[in-house]
Protein chains: 2
Amino acid sequence: MADLSENRRKVLSVADCPSRLLLDQIADKWSVLVIAALHDEPLRFNEIRRRLEGVTQKALTQCLRKLERNGIVGRKVIPVSPISVEYSITPLGRTLQEPFKVLYRWTVDYLPAVEQARQDFDERNGA
Amino acid sequence: MADLSENRRKVLSVADCPSRLLLDQIADKWSVLVIAALHDEPLRFNEIRRRLEGVTQKALTQCLRKLERNGIVGRKVIPVSPISVEYSITPLGRTLQEPFKVLYRWTVDYLPAVEQARQDFDERNGA
DNA sequence: CAGAATCCATATAGATACTG
DNA sequence: CAGTATCTATATGGATTCTG
């Protein structure tokens with residue numbers, strides 16, 4: 001507290017925020033679901049697609065590319081005809097289990113509190 | 001494994017994904033930083049703004065509203081002139097510390113692996 | 001099958017100006 | 001000071017078409 005007196009305000013920049021690394025990769029609409037889908041077994045492109053309700057081919061492709069680039073999922077092309085591509089979780093990807101579990105746990109534990117807060121807020125304001 | 005044989009494929013929908021609750025609220029560009037900034041002490045609007053490098057007034061307002069609505073931060077108007085508004089972390093907001101810590105920990109632990117994966121990927125592909 | 005490419009609607013970000 | 005309102009540039013999302 002003594003350290004930060006005066007105008008020694010520390011500046012927080014998005015670029016330096018370490019949590020960005022993780023959030024940027026998993027916080028999009030589909031990544032968590034893709035990772036969950038691959039948890040038990042490798043799957044082919046269209047199989048993943050069928051399991052994720054509502055994902056478009058474009059969105060899924062982009063998502064898988066990003067996860068692949070970051071070493072979270074692996075991609076194996078099997079050159080048969082018609083072509084087959086198998087996606088799987090990498091060991092690095094599996095290390096996400098811990099953060100995911102904690103995330104999940106928080107959600108379950110505090111969903112009621114958050115919903116209550118939203119309701120209160122909307123009543124205080126809206127209408 | 002026996003259970004999911006046949007075409008008993010389970011469908012994962014974004015709407016049902018519980019992690020959405022948390023990710024939707026904290027995964028945006030500024031929420032984590034705002035929460036970090038308020039960790040030690042309540043702050044006024046423009047003070048938060050000064051500490052977050054690059055945030056626009058509009059983005060910060062939206063971010064704070066969302067956090068307030070979800071019960072993560074509190075907002076207290078002090079009717080002096082010129083007006084003063086103080087933002088603070090709520091008890092509910094403090095419960096985010098645990099997920100954040102785990103997130104942070106993962107990032108620190110696996111940043112090198114992710115960066116290596118990216119580099120490998122870019123070499124295999126790009127150019 | 002697994003995608004790349006394209007086009008279009010819409011959502012979001014940012015800058016600017018204004019107000020109690 | 002702490003916003004709201006508005007406008008615009010840009011990014012993103014989704015549907016459609018095409019291909020090795």
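Note on naming: letters A, B, ... go to the chains in the order of the sequence lines (proteins, then strands), and numbering restarts at 1 for each one. Remember, it's a predicted structure, so these values are computed and weren't measured experimentally.
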Just to verify, what does A:Ala36 make a side-chain contact (heavy atoms from CB on, under 4.5 Å) with, not counting sequence neighbours?
B:Leu12
Select one nucleotide: of C:dA2, C:dG3, D:dG3, the one nearest the side-chain heavy atoms of B:Thr61.
D:dG3
Let me know the distance between CZ of B:Arg65 and C1' of D:dT4, rounded to the nearest Å.
10 Å
Starting at the 5' end of DNA chain D and moving along, which residue's nearest nucleotide shows up first, A:Gln57 or B:Ser84?
B:Ser84
N/O (side chain, B:Tyr87) to phosphate O (OP1/OP2, D:dC1) under 4.0 Å:
no
Any side-chain N or O of A:Arg44 less than 4.0 Å from the OP1 or OP2 oxygen of C:dA2?
yes
How is A:Arg49 classified with respect to the nucleic acid when contacts are heavy atoms under 4.0 Å: base, sugar-phosphate, or nothing?
nothing
Checking A:Arg50 side chain against B:Val11 main chain: does a donor-acceptor pair fall under 3.5 Å?
no
How far apart are the closest heavy atoms of A:Leu52 and A:Val34, and which atoms are they?
CD2-CG2, 3.6 Å
Using a cut-off of strictly less than 4.0 Å, decide whether B:Lys29 has a side-chain nitrogen or oxygen near OP1 or OP2 of C:dG14.
yes
Please give, in whole Å, the distance from C:dA2 C1' to A:Glu47 CD?
14 Å
Can you figure out which of C:dG3, D:dA2, D:dT4 approaches the side chain of B:Phe45 most closely?
D:dA2
B:Leu64 CG to D:dG3 P, in whole Å, measures 8 Å
Take atom CG of A:Asp24 and atom P of D:dT12, then tell me their distance rounded to the nearest Å.
11 Å
Heavy atoms under 4.0 Å, any strand shown: does A:Lys58 hit a base, just sugar-phosphate, or nothing?
base
Nearest whole Å is fine: how far is D:dG3 P from B:Ile83 CD1?
7 Å
Picking from D:dG13, C:dG14, C:dA2, which would you name as closest to the side chain of A:Gln62?
D:dG13
What is the distance, rounded to the nearest whole Å, between atom CH2 of A:Trp30 and atom C1' of D:dT12?
14 Å
Expressed in angstrom and rounded to an integer, what is the separation of A:Arg75 atom CZ from C:dG3 atom P?
4 Å
Using whole Å, what does the distance between atom P of nucleotide C:dA15 and atom CG of B:Leu60 come to?
14 Å
Between B:Phe45 and B:Leu64 the two heavy atoms that sit nearest each other are CD1-CD1, 3.8 Å
Assess whether a salt bridge exists between A:Arg118 and A:Glu115, defined as any Lys/Arg side-chain N lying under 4.0 Å from an Asp/Glu carboxylate O.
no
